[in-house]
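Worksheet for the structure shown next.
Remember, it's a predicted structure, so these values are computed and weren't measured experimentally. For ligands, and for the atoms within them, numbers begin at 1 and follow the listed sequence.
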Amino acid sequence: MKEVIIATKNPGKAKEFEEIFASRGIEVRTLLDFPEIPDVEESGSTFEENAVLKAEAISQALNKMVIGDDSGLMVKALEGRPGIYSARYAGEPKNDQKNTDKVLSELKDVPEAERTARFYCALAVAVPGQETMTVSGTCEGRILEERRGSNGFGYDPVFYVPEQGVAMAELSSDEKHKISHRANALKKLDVVLDSILKRSEQP
Ligand SMILES: O=c1[nH]c(=O)c2ncn([C@@H]3O[C@H](COP(=O)(O)OP(=O)(O)OP(=O)(O)O)[C@@H](O)[C@H]3O)c2[nH]1
Ligand SMILES: [Mg+2]
């Protein structure tokens, strides 16, 4: 079976990549399978830079093709925050519940029309000996005043998706994978992924 390695320790992302790739007959391994590998410092100033840092560090460590994902929530009324700091918006250690509470409290007096937001996902594909490539995907919505639903992870319970008329956390996995920022980024890899996988199988 074909296999891809995703440079993430986030169980929510890991589950999504497993689900999306399973439908293509590709097995996913993540850093949860390699606990000995240290954290990659996310010192970039953009999602793309951080995705490249993760993909290249792990690709070098394992000498294999690796995909890095750097993603997050951008809220217009907060000038794009939490942005690249989405995972640790409320401080260390990272906590989805506290991050979401912080966004809700910062938007407390902001009316519905001004609560527009976007999920952003940058993916970097690092292959030993080759130039790293990046793609990105977005998902547009707005921030609810309170949580709805229990699927997904992160900010999903407060991210309203107008086209579906529900919060992201009210969508099933299959539904999220049709419209999410991560799925939209991955679609752009479709064309090249097959050939990348073939090349990465060479010793
Ligand atoms: O509601 C959400 N639905 C999503 O689909 C989603 N995708 C990303 N995020 C948020 O953005 C951070 C990523 O930060 P991030 O890319 O640095 O990842 P991370 O630190 O969690 O893990 P790693 O991949 O770096 O190991 C995450 O923690 C989440 O808070 C999401 N929230
Ligand atoms: Mg991270």
Side-chain angles (χ1 to χ4, degrees), residues 4-20 28-35 37-58 61 66-75 78 80-104 117-124 126 134 136-144 147-161 164 166-186:
V4 299
I5 299 165
I6 314 289
T8 184
K9 289 189 176 178
N10 181 317
K13 284 188 197 175
K15 177 171 176 280
E16 294 195 357
F17 280 108
E18 279 159 18
E19 290 163 353
I20 293 170
V28 165
R29 300 181 80 190
T30 68
L31 299 186
L32 302 171
D33 301 316
F34 300 96
I37 294 182
D39 282 357
V40 179
E41 199 192 337
E42 297 175 29
S43 55
S45 55
T46 62
F47 291 109
E48 277 77 7
E49 282 175 18
N50 284 333
V52 169
L53 286 170
K54 295 181 211 184
E56 290 188 343
I58 307 305
V66 171
I67 298 177
D69 169 317
D70 201 66
S71 44
L73 176 71
M74 303 168 78
V75 181
L78 302 178
R81 294 192 316 272
I84 61 168
Y85 305 109
S86 292
R88 291 168 180 78
Y89 195 43
E92 297 275 1
K94 59 184 174 183
N95 181 308
D96 286 349
Q97 188 88 5
K98 288 184 181 163
N99 292 338
T100 303
D101 284 342
K102 183 170 176 182
V103 168
L104 285 180
R118 162 182 300 160
F119 273 129
Y120 191 97
C121 174
L123 298 177
T134 61
S136 66
T138 59
C139 180
E140 307 291 330
R142 70 166 188 266
I143 304 300
L144 290 162
R147 292 172 165 83
R148 285 172 55 172
S150 54
N151 299 328
F153 68 100
Y155 301 90
D156 281 345
V158 296
F159 189 87
Y160 182 78
V161 198
Q164 267 64 29
V166 293
M168 194 74 108
E170 293 179 292
L171 295 175
S172 68
S173 299
D174 281 353
E175 288 167 331
K176 181 174 177 183
H177 302 334
K178 288 192 183 113
I179 56 115
S180 81
H181 46 309
R182 185 159 295 108
N184 287 336
L186 268 173

Atoms of ligand 1 close to [X] [distance to a heavy atom under 4.0 angstrom, numbered from 1]:
X      : answer
His181 : 4 (C), 5 (O), 6 (C), 7 (N)
Asp69  : 16 (O), 24 (O)
Asp70  : 15 (P), 16 (O), 17 (O)
Arg182 : 5 (O), 6 (C), 7 (N), 8 (C)
Tyr155 : 1 (O), 2 (C), 30 (O), 32 (N)
Gly154 : 1 (O), 2 (C), 32 (N)
Lys176 : 3 (N), 4 (C), 5 (O)
Gly72  : 11 (O)

Look only at the side chain of [X] and the backbone of [Y], and say whether a donor-acceptor pair between them is shorter than 3.5 Å.
X      : Y      : value
Thr8   : Ala14  : no
Lys176 : Gly152 : no
Asn151 : Ser173 : no

Measure the distance from [atom] to every protein heavy atom, then report the residue, atom name and distance (to 0.1 Å) of the closest one.
atom                    : value
atom 26 (O) of ligand 1 : Lys9 N, 2.9 Å
atom 25 (O) of ligand 1 : Lys54 NZ, 2.7 Å
atom 19 (P) of ligand 1 : Lys94 NZ, 3.4 Å
atom 15 (P) of ligand 1 : Lys13 NZ, 3.4 Å
atom 22 (O) of ligand 1 : Asn10 CB, 3.4 Å
atom 31 (C) of ligand 1 : Phe153 CE1, 3.7 Å
atom 23 (P) of ligand 1 : Thr8 OG1, 3.5 Å
atom 13 (C) of ligand 1 : Ser71 O, 3.1 Å

Is the ring pair Tyr155/Phe119 parallel, tilted or perpendicular, if the boundaries are 30 and 60 degrees?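 Taking Phe119 first and then Tyr155, their aromatic rings sit tilted (interplane angle of 30° to 60°).
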Residues, nucleotides or ligands: over 12 heavy atoms within 6.0 Å of [X] [atom1]:
X      : atom1 : value
Arg147 : CZ    : yes
Glu92  : CD    : yes
Phe34  : CZ    : yes
Lys15  : NZ    : no

Met168: heavy atom below 4.0 Å from ligand 1, yes or no?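 Not so, Met168 does not reach ligand 1.
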Going by heavy atoms, is Asn99 under 4.0 Å from ligand 1? no
Give the C-alpha distance, both sets of side-chain angles, the deciding distance and a yes or no for side chain to side chain contact (heavy atoms under 4.5 Å, CB included) between Ile179 and Met168. CA-CA 10 Å; Ile179 56 115; Met168 194 74 108; 3.8 Å; yes
Which protein atoms of type N, O or S are found under 2.8 Å from the Mg ion (ligand 2)?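 Atoms qualifying: Glu42 OE2.
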Pair Glu48, Tyr120: side-chain N/O donor-acceptor within cut-off below 3.5 Å: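 The criterion, which ignores hydrogens and geometry beyond distance, is satisfied for Tyr120 and Glu48.
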Can you name the one residue among Lys94, Lys98, Arg81 that meets side chain to side chain donor-acceptor pair (under 3.5 Å) with Tyr89?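 In the set Lys94, Lys98, Arg81, the residue that makes a side chain to side chain donor-acceptor pair (under 3.5 Å) with Tyr89 is Arg81.
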Quick one, Asp69 with Ser71, criterion side chain to side chain donor-acceptor pair (under 3.5 Å). Give me CA distance, side-chain angles, the key distance, then yes/no. CA-CA 6 Å; Asp69 169 317; Ser71 44; 2.8 Å; yes
Kindly indicate whether the side chain of Val103, heavy atoms from C-beta on, has any atom under 4.5 Å from the side chain of Pro82.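 In short, these two side chains touch, coming nearer than 4.5 Å.
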4.5 Å side-chain heavy-atom contact, Lys13 and Ile6: no
Residue pair Glu170, Tyr160: steps toward the side chain to side chain donor-acceptor pair (under 3.5 Å) verdict: CA-CA 9 Å; Glu170 293 179 292; Tyr160 182 78; over 6 Å; no
For Phe119, which part has a heavy atom under 4.0 Å from ligand 1: side chain, backbone, both, or neither?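 Contact part for Phe119 vs ligand 1: side chain (C-beta onward).
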Decide whether an N or O pair under 3.5 Å exists between Leu73 and ligand 1.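 In fact, backbone or side chain, Leu73 has no N or O that close.
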Any nitrogen or oxygen of Glu42 lying under 3.5 Å from a nitrogen or oxygen in ligand 1? Just yes or no. yes
